[in-house]
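Letters A, B, ... mirror the listed sequences (proteins, then strands); counts begin at 1.
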Amino acid sequence: MADIRVRYAPSPTGHLHIGNARTALFNYLFARNQNGKFIIRIEDTDRKRNIEGGEKSQLKYLRWLGIDWDESVDVGGEYGPYRQSERLDIYQKYAKKLLETGHAYKCYCTEEELEREREEQRARGIVPHYSGKCRHLTKEEQERLEKEGRKPNIRFKVPEGKVVTFNDMVKGEVSFETKDISDFVIVKSDGWPLYNFAVVIDDHLMKITHVLRGDDHISNTPKQILIYEALGWEPPIFGHMTLIVNEQHKKLSKRDETIIQFIEQYEELGYLPEALFNFIAFLGWSPGGEREIFSREELIEIFDPKRLSKSPAVFDQKKLLWMNNQYMKKQDLDRVVELALPHLIKAGKISEKPTPEELEFARGVIALYQDQMSYGAEIVELSEIFFRDDIEYDEECQQVLNEEHTPEVLRTFLQEIEGIENFERDEIKAALKRTQKASGYKGKKLFMPIRVAVTGATHGPDIASSLALIGKEKTMTRIKKLLN
RNA sequence: GGCCCCUUGGUCAAGUGGUUAAGACACCGCCCUUUCACGGCGGCGACACGGGUUCGAAUCCCGUAGGGGUCACCA
């Protein structure tokens, strides 16, 4: 078999979306697994929709996820250019060929006319369908229309009475009848190619062997195959992956606010790219077996497109949280600090240019929460008790503080810590022990008053570690304040 | 509506004619932790429905229902 060549072809109309990231990721996994080549081509033929920086952002976040490529706009390659806007002459050449061989024709209908036609069809309850009225225009008629100032677009002449069948890598055999496909535009009146046309030319010229893309492209596939046939080319192998859907089982729409959809946002929130990579790989695919945590290398090793699911996958945010936490727990503290610290700073808990003491403190706080943190930004609410100056005791706390034995516990503990020089975890633990002996209280009765008094909360990390972090001075001040 | 695709617990998902129908997330309970979290153990909970084929069907066939995708001078 020829060398496998696959591609991811984003249009720079926005930032890297979770669905596109998945398409890219599976193509990448497939290429690497097969020792093939992974190409990124920029499909920027819709100038109205392109956004500033879209292309850069796409590539940046692909890289962030740990995906690399062999040929593209930035790394070059022998089949360039890799930006469709720079290949206009190529498309023109093949459009001309299609015109000459009678596989395409010029259509002079304006957008307004077509829209009106569709409106009428809809009103009459039939499927909007191009009538094909420009199909048999004579030379004279064409000239007359052109004199009116009309600029033609080019339509592909869909052969009649044919069945287009292809063997889809994930869906199996799929067929479409050409009677359900109307003559579609391949080149706009301004000379720019349209998706269904450009994609065929490029995939062929770039020697793409497999096209793995979203399910939403499946009805484009027969159109593209028809173009391959008209040009006398061999189509690649297609595979249409099921869509990712939201909790309402609808295709993820970019406007859907209930799900964080852009990779960029995950980076901002302090997610780990390798966790996201792992998670995305399991969106509509599974290796079989019980294991779910895999590194990128392992996924490359085991990836098999035959195991791509046929039914849509709901994007389960809670599972993502869980998975990211799995990775978070295994990271070096340095890495977790890198992810979490910026959020403490942004929230104003730590100053923009932290002093060594602040840094030390933040590190300590983050270490305490590493095992339960799902993503970096979570540290802010998690560690809230470590950043308050004046504690306000809520009702639950008040209850603890109002208990009869509380003052005695606090007083005893205060005495026991007074003499501690190194206010560290072990020393505090020892003081706790002594407090227990001296006061006669143990368990909840011993710990709760202290926890509440000093942290202002009934829950939190290990009490000794917490106090060590809060420091002797604050600990004592808070207890004293209560005792008065 | 036409065309195309899909249908195993709330969610993901294993399963390819014979299984007590895995596992994970979520949820619930217990244990660990003198709190919380992490972790451990356990529980809840599924083959959309109806017909076939077969000794035997989650697995094969047909139909029904439901869901989704798509019908642009967007990609």
Among the candidates [options], find the nucleotide nearest to the side-chain atoms of [X].
X      : options                : result
A:F447 : B:rC6, B:rC74, B:rU34  : B:rU34
A:H459 : B:rC73, B:rU35, B:rU34 : B:rU35
A:Y195 : B:rC73, B:rA13, B:rA75 : B:rA75
A:V174 : B:rG23, B:rC74, B:rC4  : B:rC4
A:E292 : B:rU11, B:rC36, B:rG23 : B:rG23
A:S311 : B:rC73, B:rU11, B:rU7  : B:rU7
A:I218 : B:rG39, B:rC4, B:rA13  : B:rC4
A:E290 : B:rU35, B:rA22, B:rA26 : B:rA22

Quiz item: Taking only Watson-Crick and G-U wobble pairs with both distances under 3.5 Å, what dot-bracket line describes RNA chain B, where [ ] shows pairs that cross earlier ones and | shows pairs with another strand?
Solution: (((((((..(((.....[....))).(((((.......)))))....(((((..]....))))))))))))....

Quiz item: Considering all heavy atoms of both residues, which atom of A:E117 and which atom of A:H129 are nearest to each other, and what is their separation?
Solution: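 The answer is OE2-O, 4.0 Å.
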
With sugar-phosphate meaning primed atoms plus P, OP1 and OP2, does [X] contact a base, only sugar-phosphate, or nothing at under 4.0 Å between heavy atoms?
X      : answer
A:E111 : base
A:R47  : nothing
A:D216 : sugar-phosphate
A:C109 : base
A:T110 : base
A:N196 : nothing
A:H217 : base
A:P461 : base
A:S286 : sugar-phosphate
A:S182 : nothing
A:G214 : nothing

Side-chain donor/acceptor of [X] to base of [N], under 3.5 Å:
X      : N      : answer
A:S189 : B:rC73 : yes
A:N220 : B:rA75 : yes
A:K319 : B:rA24 : yes

Determine the interatomic distance between [atom1] on [N] and the same-named atom on [M]; round to the nearest Å.
N      : M      : atom1 : result
B:rG52 : B:rU59 : C1'   : 15 Å
B:rA21 : B:rC47 : P     : 12 Å
B:rG23 : B:rG45 : P     : 15 Å
B:rC61 : B:rC6  : P     : 11 Å
B:rG63 : B:rU53 : C1'   : 15 Å
B:rG67 : B:rA46 : P     : 22 Å
B:rA48 : B:rG10 : P     : 12 Å
B:rG1  : B:rG43 : C1'   : 48 Å

Quiz prompt | Test item: A:H17 and A:L252 side chains (from C-beta on) under 4.5 Å apart, heavy atoms | solution =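 Yes, their side chains come closer than 4.5 Å.
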
On the nucleotide [N], are OP1 or OP2 found under 4.0 Å from the side-chain N or O atoms that [X] carries?
X      : N      : answer
A:Q326 : B:rG39 : yes
A:R291 : B:rA24 : no
A:R307 : B:rA14 : yes
A:T45  : B:rA75 : yes
A:K48  : B:rC73 : no
A:K188 : B:rC74 : yes
A:K171 : B:rC5  : no

Quiz item: What do you reckon, are the aromatic ring centroids of A:Y195 and A:H217 less than 6.0 Å apart?
Solution: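 Yes.
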
Quiz item: Taking the six-membered ring for Trp, is the centroid-to-centroid distance between A:F303 and A:F26 below 6.0 Å?
Solution: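 They qualify: ring centres under 6.0 Å apart.
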
Charged N-O contact under 4.0 Å between [X] and [Y]:
X      : Y      : result
A:K162 : A:E229 : yes
A:D44  : A:R49  : no
A:D462 : A:R425 : yes

Quiz item: With under 30° as parallel and over 60° as perpendicular, where do the rings of A:H103 and A:F156 fit, or are they tilted in between?
Solution: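 A:H103 and A:F156: parallel rings.
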
Exercise. Look at the aromatic rings of A:F238 and A:F166 and report parallel, tilted or perpendicular, splitting at 30° and 60°.
Key: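 Plane angle over 60°, so perpendicular.
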
Quiz prompt | Most 5' of A:V185 and A:W285 on RNA chain B, judged by nearest nucleotide | solution =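 Nearest-nucleotide comparison on RNA chain B picks A:W285.
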
Quiz prompt | A:Q84 vs A:R118, nearer the 5' end of RNA chain B by closest nucleotide | solution =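 Result of the comparison: A:R118.
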
Practice problem: Give me the one residue out of A:D203, A:D202, A:N27 that meets side chain to side chain donor-acceptor pair (under 3.5 Å) with A:R7. | Solution: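 Of the listed residues A:D203, A:D202, A:N27, the side chain to side chain donor-acceptor pair (under 3.5 Å) partner of A:R7 is A:D203.
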
Exercise. Let me see the working for A:F315 and A:F279 under ring-ring contact (aromatic ring centres under 6.0 Å, His included), right down to the final yes or no.
Key: CA-CA 10 Å; A:F315 189 88; A:F279 181 77; 5.5 Å; yes

Please list, for nucleotides 61-68 of chain B, all pairs of protein and nucleotide N/O atoms separated by less than 3.5 Å.
from   : atom 1 : to     : atom 2 : distance (Å)
B:rG68 : OP1    : A:K250 : NZ     : 2.3

Exercise. Using the side-chain contact (heavy atoms from CB on, under 4.5 Å) rule, pick out the option among A:R83, A:E43, A:E55 that qualifies with A:P12.
Key: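 Of the listed residues A:R83, A:E43, A:E55, the side-chain contact (heavy atoms from CB on, under 4.5 Å) partner of A:P12 is A:E55.
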
Quiz prompt | d(CZ, A:F315; C1', B:rC25) in whole Å | solution =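 In whole Å, B:rC25 C1' and A:F315 CZ are 13 Å from each other.
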
Listed pairs under 3.5 Å, donor-acceptor, residues 170-177 of chain A side chains, sequence neighbours left out:
from   : atom 1 : to     : atom 2 : distance (Å)
A:K171 : NZ     : A:D215 : OD2    : 3.1
A:S175 : OG     : A:T165 : OG1    : 3.1

